[in-house]
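Down below is the structure, laid out as structure tokens.
Numbers restart at 1 for each chain; the letters A, B, ... are given by sequence-line order, proteins then strands.
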Protein chains: 2
Amino acid sequence: MESFRAAVPFGNGPDDTADRLCAVGRYRALERGCGLPGNPSEDRLVYIATGSAKLVARSAASSCTNATNNHVLAFHFAGDIVSVLRQSDADFRLIALSDLELVIFPSNQFLDVAQDDPVVLRSVLTRSLQALHRSRTKMMQLGHKSARQRIADFLVSMAYRIGGSTRGKCEFALPMSRRDIGDSLGLKIETVSRQFTELREAGLVETEGRSIVRLTNINKLAEEAGTALPPEKPPQN
Amino acid sequence: MESFRAAVPFGNGPDDTADRLCAVGRYRALERGCGLPGNPSEDRLVYIATGSAKLVARSAASSCTNATNNHVLAFHFAGDIVSVLRQSDADFRLIALSDLELVIFPSNQFLDVAQDDPVVLRSVLTRSLQALHRSRTKMMQLGHKSARQRIADFLVSMAYRIGGSTRGKCEFALPMSRRDIGDSLGLKIETVSRQFTELREAGLVETEGRSIVRLTNINKLAEEAGTALPPEKPPQN
DNA sequence: CGATCAATTGACTTAGCTCAAAGCATGTGG
DNA sequence: CCACATGCTTTGAGCTAAGTCAATTGATCG
């Protein structure tokens with residue numbers, strides 16, 4: 001329980017909000033490939049303590065399978081707080097990309113506790129506004145960017161989130177499959193693969209095995225993504 | 001100042017948070033077509049008192065023009081609270097689709113005030129989590145849906161948000177142009193037009209002039225969209 | 001070392017984009 | 001109040017990027 005206590009993301013509340021948060025949080029560990037079953041009767045805030053996960057929609061499969069998921073909404077890594085709202089039509093669920101430790105807070109209970117601690121509440125609000133912002137940025141991508149631009153942007157953002165590097169060279173292991181990447185960017189697996197090939201031929205990316213990726217020129221890649229330098233012609237769409 | 005006071009969305013704080021919120025909020029009226037210039041030095045929460053607006057990214061034009069905007073991230077209507085974060089690369093801005101009244105709160109100041117009022121803070125958090133959810137739902141759309149499905153879904157959600165109806169028949173005036181619709185769904189204006197034509201030929205939609213739309217069978221339309229009907233919370237943005 | 005499943009590559013199809021030309025609303029001036 | 005002008009909308013005719021189908025290669029693990 002000690003480590004669980006340590007995992008709770010807010011430890012500095014005035015009258016020790018953290019202890020009370022512990023009381024409403026449920027610790028879970030998931031093996032790679034396993035899903036956290038959605039609970040249609042409660043909204044949740046999920047804190048990711050270790051590992052990486054994908055947030056998917058409309059997973060038709062049972063709770064512990066790697067089966068094809070049609071829609072990857074976001075990838076999440078250690079330290080993230082993910083909001084998983086109950087949903088009437090689609091069901092949203094977290095699936096572990098690597099072995100995963102997380103703490104599940106029923107949204108209402110969490111907020112009831114946090115209500116007495118403005119600092120915590122504000123922190124969660126700030127995080128969720130950031131998540132909203134990321135989501136909008138991604139939306140912009142999905143709506144208006146080419147396959148090449150999407151993949152380039154994806155790699156740049158992974159360099160930042162996994163590789164910890166924002167320019168120059170960078171090497172890291174992608175925890176997600178080509179299919180996951182495609183599902184998150186709105187591309188087919190074959191298209192993802194072809195884009196990797198082209199970027200490899202262009203000398204911007206090197207790969208090793210299924211997951212190791214080396215970016216040789218992040219700046220150039222960001223340029224490809226159309227994020228840094230806007231092309232003179234409005235890109236598309 | 002009376003009407004301004006009335007416009008502030010949270011009027012029931014314990015020690016009258018509303019008055020203090022008034023102090024940090026700035027009232028603005030915008031004519032149709034005018035944009036609210038982004039402020040790169042502050043994040044903002046904008047409350048829409050009356051009218052409708054689009055949230056766009058990378059508007060290259062000056063503050064009061066209808067010029068082509070490449071990316072419409074969301075449409076907003078009276079009562080909505082929109083978070084407009086300052087942004088290094090792209091700039092986000094609100095543009096009035098009809099005459100618009102709004103209240104601008106610098107994010108930090110708003111939160112400083114709201115920090116003493118958990119009810120307000122929680123309300124804002126809840127709204128932003130919902131906005132995040134809508135954004136994700138839309139992302140799913142953009143990534144994986146056909147033009148037909150996007151337009152159908154758009155019409156269904158507008159029926160809910162403008163027409164106030166969620167099934168059966170419905171008539172309303174769209175405040176946004178075909179171009180805006182396309183920009184928000186990631187489609188070209190010609191594609192939007194063609195889809196309207198096809199839906200008209202299929203007997204699902206009737207149009208009158210540029211903006212009046214009559215949906216003759218919302219359920220059927222929702223079926224076309226490949227989404228469940230919006231039961232209570234509109235899948236929209 | 002072979003079984004298995006992910007990734008790649010190739011050939012072909014197609015939805016949606018582009019370019020181009022009318023067709024209509026809506027608003028203005030005579 | 002009607003005619004005209006402007007700009008939104010619709011329609012048409014190719015074109016292209018990405019999807020589909022299918023086969024091969026390659027990685028990973030028992």
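In terms of position on DNA chain D, the residue among A:Gly209 and A:Gln195 whose nearest nucleotide sits closer to the 5' end is A:Gln195. Positionally, the nearest nucleotide of DNA chain D for B:Val192 lies more toward the 5' end than for the other of B:Val192 and A:Lys188.
Taking only side-chain atoms of A:Arg210, from C-beta outward, the nucleotide of C:dG16, C:dA7, D:dA13 with the closest atom is C:dA7. Distance from the side chain of B:Arg178 is smallest for D:dT9 among the nucleotides D:dA18, C:dA7, D:dT9. Nearest nucleotide to the A:Ala147 side chain, out of D:dA22, C:dT18, D:dA18: D:dA18. Closest to the side chain of A:Thr191, from the set C:dT9, D:dG19, C:dA7, is D:dG19. With distances taken from any side-chain atom of B:Arg194 to the nucleotides C:dT9, D:dG12, D:dA18, the minimum falls on D:dG12.
Among the atoms of the strands shown, none is found under 4.0 Å from any heavy atom of A:Gly182.
Within the 4.0 Å cut-off from OP1 or OP2 of D:dT11, not a single side-chain nitrogen or oxygen of B:Ser193 is found. For the OP1/OP2 pair of C:dT8 and a distance below 4.0 Å, the side-chain nitrogens and oxygens of A:Arg200 include at least one atom meeting the criterion.
Cation-pi check for B:Arg44 over B:Phe105 is not met; the charged atom does not lie both under 6.0 angstrom from the ring centroid and within 45 degrees of its normal.
Once rounded to the nearest 0.5 Å, the distance linking CG of A:Leu73 with NE2 of B:His133 reads 8.5 Å. Here the CZ atom belonging to B:Arg150 is positioned 10.0 Å from the NZ atom belonging to B:Lys145, to the nearest 0.5 angstrom.
Counting to the nearest Å, the P atom of C:dA7 and the CG atom of A:Asp180 are 9 Å from each other.
For the residue pair A:Thr207/A:Arg200, the side-chain donor-acceptor check at 3.5 Å is satisfied.
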